[in-house]
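Computation of the quantities below employed the complete heavy-atom set of this structure, encompassing side-chain atoms and omitting hydrogens, waters and symmetry-equivalent molecules. Naming: A, B, ... by sequence-line order, numbering from 1 per chain.
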Amino acid sequence: MSTPNPETPAASNFVREIVKQDLQTNKYQGRVHTRFPPEPNGYLHIGHAKSINLNFGLAAEFGGKCNLRFDDTNPSKEETEYVDSIIEDVRWLGGDWEDRLFYASDYFDQLYAWAIELIKKDKAFVCDLNAQQIREYRGTLTEPGRESPYRNRTVAENLDLFERMRKGEFADGARTLRAKVDMASPNLNMRDPVMYRILHAEHHRTGNKWCIYPMYDFAHGQSDSIEGVTHSICTLEFEDHRPLYDWYLDQLGVYHPQQIEFDRLNLTYTLLSKRKLLTLVQEGRVNGWDDPRMPTITSIRRRGYTPEALTNFCKAIGVSKTNGSIELALLEHYVREDLNRRVPRVMAVLRPLRVVIENYPENQVEEMDAVNNPEDAAAGTRKVPFSRVLYIERDDFREDPPKQYFRLSPGKEVRLRYGYFIKCASVVKDEKTGEILEIRCSYDPATRGGNALDGRKVKSTIHWVSAAHAIDAEARLYENLFAVENPNAVPEGQEFTVNLNPNSLEVVTGCKLEPSLRGAAAGSRYQFERLGYFCADPDSTPEKLVFNRTLALRDTWGKIEKAQQGKA
RNA sequence: UGGGACGUCGUCUAACGGUAAGACUGCAGACUCUGGAUCUGCGUAUCGGGGUUCGAAUCCCUGCGUCCCAGCCA
């Protein structure tokens with residue numbers, strides 16, 4: 001995994017305890033072998049990061065191995081596009097599968113042979129019931145199912161029919177191969193589950209070689225077995241499948257890994273369902289799978305989150321079997337923690353307000369020294385040009401300041417970061433609209449660099465950019481994609497999209513950046529001082545930089561102001 | 001109403017028969033050339049009821065609540 005925060009202790013969890021115990025009892029001859037088994041039918045999201053961290057993390061911690069295996073048993077949903085993105089994402093998160101990149105489809109021949117073996121053992125049969133009929137025969141949660149009328153075919157007949165299924169003699173859905181387990185089992189998965197279905201579809205890897213494809217249950221455990229997996233870790237909803245996982249392996253008499261289930265990740269204000277995320281993409285609610293508002297790994301990367309932050313987050317949330325929901329704030333905490341100590345600071349003005357310093361010489365430019373990262377002395381300093389006309393944040397000036405507002409207002413003095421102390425003398429407004437066009441200030445030459453030799457204090461330090469030297473940019477500011485804590489809670493008869501936050505994206509143009517940002521490479525991360533963490537977007541061009549706001553800084557004033565407005 | 005699983009601060013996780021701990025959030029304060037960062041302090045929890053035990057979050061019984069399962073999806 002990516003290097004975790006050294007201060008973050010590797011939290012224990014029940015899966016880790018099982019692995020430790022198995023090591024102690026030498027259950028697998030000292031081996032630890034896990035796997036991450038995504039289905040290539042969508043993009044990976046932050047929930048998968050938890051699983052990746054668990055599986056690869058366990059292998060790394062105990063000197064074991066972790067495979068990357070695509071669970072590609074359903075050709076109708078799976079695509080190479082997804083395979084490629086998944087490989088990229090797992091790698092970005094730090095997962096190292098070495099040379100062990102596998103596909104369930106690698107095992108189709110072996111799986112087919114095993115199916116024949118089960119037929120010969122009279123443990124499987126070809127069933128002519130259609131989907132609807134199978135459902136009816138299955139019974140319900142409270143009533144047992146009935147046996148298929150085709151259950152007692154002879155081994156020879158089954159062998160023949162299965163062979164003809166494989167040869168393509170039958171239409172999709174016409175027949176299935178089913179396991180003979182127990183139609184009266186209280187566990188629906190054991191009521192003669194389908195092993196193979198007929199699907200005349202091109203597979204992304206095996207092409208048209210097959211027209212029958214194994215079901216997940218008949219493929220997963222055996223794939224684990226073939227790969228020598230010791231601990232097959234999956235999510236809670238597969239708990240009911242474990243008896244079947246075990247049954248197939250036992251009937252086949254092959255090496256038997258153990259399946260362990262843990263709770264999938266839930267995050268507040270976030271949806272982690274592939275189906276619903278697909279809907280958002282298809283309906284154009286977001287701008288694709290990598291829209292920075294999405295919880296996909298590719299989006300998170302584009303937005304500026306780091307793999308290290310994700311790893312620390314995954315370590316912190318732990319692994320259990322409790323179904324709960326992690327507060328988004330926790331994720332954001334780990335992102336800020338990581339970005340704070342590694343990312344260079346820079347000055348940028350999102351919504352510019354022109355400031356003219358009346359007593360500053362017309363054509364003078366001074367190069368001010370600015371610290372790149374106060375958390376990292378090795379990051380050094382840079383020069384920032386200062387001149388008579390600057391931009392400051394509109395929000396940093398109030399003509400009529402509310403209580404506790406420390407920033408610039410008429411007659412008040414503030415410090416320009418690394419610049420000078422300035423005092424607001426007057427306000428220039430548009431006569432018609434009343435809009436503030438610019439403010440006129442005076443500076444104190446004795447405060448160069450922001451230091452007052454006389455020990456004078458100001459209540460506030462604000463950021464600025466020299467107008468003549470500024471670079472134009474666009475900033476994309478994000479809020480939660482969903483307006484409610486639990487986007488899955490949908491009012492009767494409505495779509496989950498009603499929970500979408502209409503303000504999740506705000507595009508701000510005309511932003512002014514300090515010149516050191518010129519040519520910033522896509523993916524490079526910065527802290528725009530006092531505003532937040534930003535990441536250069538691939539949409540950037542040499543003419544116009546585009547930045548995504550990864551996350552805002554903690555905003556104490558914003559809180560105070562909100563509270564004040566709440567009272568008023 | 002069948003089966004499987006799970007209930008510990010607001011949230012997540014720990015405590016493995018022996019003082020209920022940590023992180024996040026929240027609130028208050030200190031410090032600060034980012035109202036950032038950092039530091040300090042405060043607060044709130046064992047689902048209910050019975051039992052076993054010197055002692056129970058932990059073991060037993062019982063009730064309640066939540067989640068998952070009736071795809072030829074994974």
Side-chain angles (χ1 to χ4, degrees), chain A residues 8-9 11-13 17 37-39 41 71-74 76-78 127 129-131 134-136 138-145 172-178 185-191 193-199 212-213 215-217 219-220 234-243 261 263 268 274-275 316-334 336-337 340-341 345 347 370-371 374-375 404-407 415-419 421 447 449-452 458-463 527-532 553-561:
Chain A
T8 306
S12 196
N13 62 63
E17 291 305 311
E39 182 190 9
N41 69 342
D71 230 327
D72 56 351
T73 55
N74 185 351
S76 59
K77 290 184 168 183
E78 297 150 5
C127 183
L129 258 23
N130 64 33
I134 286 184
R135 196 176 314 127
E136 285 162 11
R138 186 157 33 225
T140 67
L141 293 178
T142 51
E143 305 157 30
D172 285 5
R175 288 182 223 261
T176 56
L177 182 71
R178 294 224 262 159
S185 172
N187 181 344
L188 292 271
N189 294 120
M190 302 300 272
R191 319 243 263 227
V194 172
M195 292 163 61
Y196 268 90
R197 74 285 215 188
I198 300 172
L199 235 36
I212 56 171
Y213 292 93
M215 298 287 292
Y216 163 85
D217 288 302
H220 200 90
C234 62
T235 44
L236 250 24
E237 69 269 26
F238 290 100
E239 217 147 17
D240 287 339
H241 291 246
R242 181 158 24 100
E261 309 85 12
D263 59 338
T268 56
K274 273 194 202 172
R275 203 201 94 235
I317 60 177
V319 180
S320 73
K321 293 175 78 102
T322 319
N323 39 38
S325 206
I326 309 282
E327 288 176 346
L328 227 208
L330 185 63
L331 205 212
E332 296 181 337
H333 164 77
Y334 283 100
R336 286 198 185 96
E337 181 198 61
N340 174 51
R341 57 167 181 229
R345 264 107 253 229
M347 289 198 285
V371 174
E375 307 295 319
Q404 293 183 76
Y405 186 86
F406 301 151
R407 282 111 94 147
R415 170 167 40 231
L416 292 177
R417 185 125 160 109
Y418 305 125
F421 283 16
T447 58
N451 306 303
V458 286
K459 292 276 257 185
S460 184
T461 298
I462 65 176
H463 60 278
Q527 183 197 102
F528 289 0
E529 293 221 27
R530 302 205 308 132
L531 297 175
L553 252 23
R554 300 183 61 150
D555 182 11
T556 308
W557 163 245
K559 245 181 214 175
I560 294 170
E561 193 179 30

Select from Ile317(A) and Thr447(A) the residue whose nearest nucleotide in RNA chain B is closer to the 5' end of that strand.
Ile317(A)
The residue, Lys321(A) or Phe406(A), whose nearest nucleotide of RNA chain B is more 5′ is Lys321(A)
For [N], does either OP1 or OP2 sit under 4.0 Å from a side-chain N or O belonging to [X]?
{"X": "Arg415(A)", "N": "rU34(B)", "value": "no"}
{"X": "Ser320(A)", "N": "rU13(B)", "value": "yes"}
{"X": "His463(A)", "N": "rU34(B)", "value": "no"}
{"X": "Thr322(A)", "N": "rC12(B)", "value": "no"}

N/O donor-acceptor pair, side chain [X] with base [N], under 3.5 angstrom:
{"X": "Arg336(A)", "N": "rG36(B)", "value": "no"}
{"X": "Gln527(A)", "N": "rU34(B)", "value": "yes"}
{"X": "Glu239(A)", "N": "rG3(B)", "value": "no"}
{"X": "Glu143(A)", "N": "rG2(B)", "value": "no"}

I'd like the P distance from rU62(B) over to rG3(B), given in whole Å.
13 Å
Integer angstrom distance from the C1' of rG51(B) to that of rG17(B)
16 Å
Could you pull out all residues at least two apart from His241(A) that satisfy side chain to side chain donor-acceptor pair (under 3.5 Å)?
Asp217(A)
With a 3.5 angstrom cut-off on both distances, give the Watson-Crick or G-U wobble partner of [N], or none if there isn't one.
{"N": "rA30(B)", "answer": "rU38(B)"}
{"N": "rG2(B)", "answer": "rC69(B)"}
{"N": "rG48(B)", "answer": "rU62(B)"}
{"N": "rA23(B)", "answer": "rU11(B)"}

Dump the pairs, protein N or O against N or O of nucleotides 39-45 of chain B, anything under 3.5 Å, distances to one decimal.
none

One character per nucleotide, please: for nucleotides 67-74 of chain B, 5' to 3', B when the base has a protein heavy atom closer than 4.0 Å, S when only the sugar-phosphate does, - otherwise.
SBBBSBBB
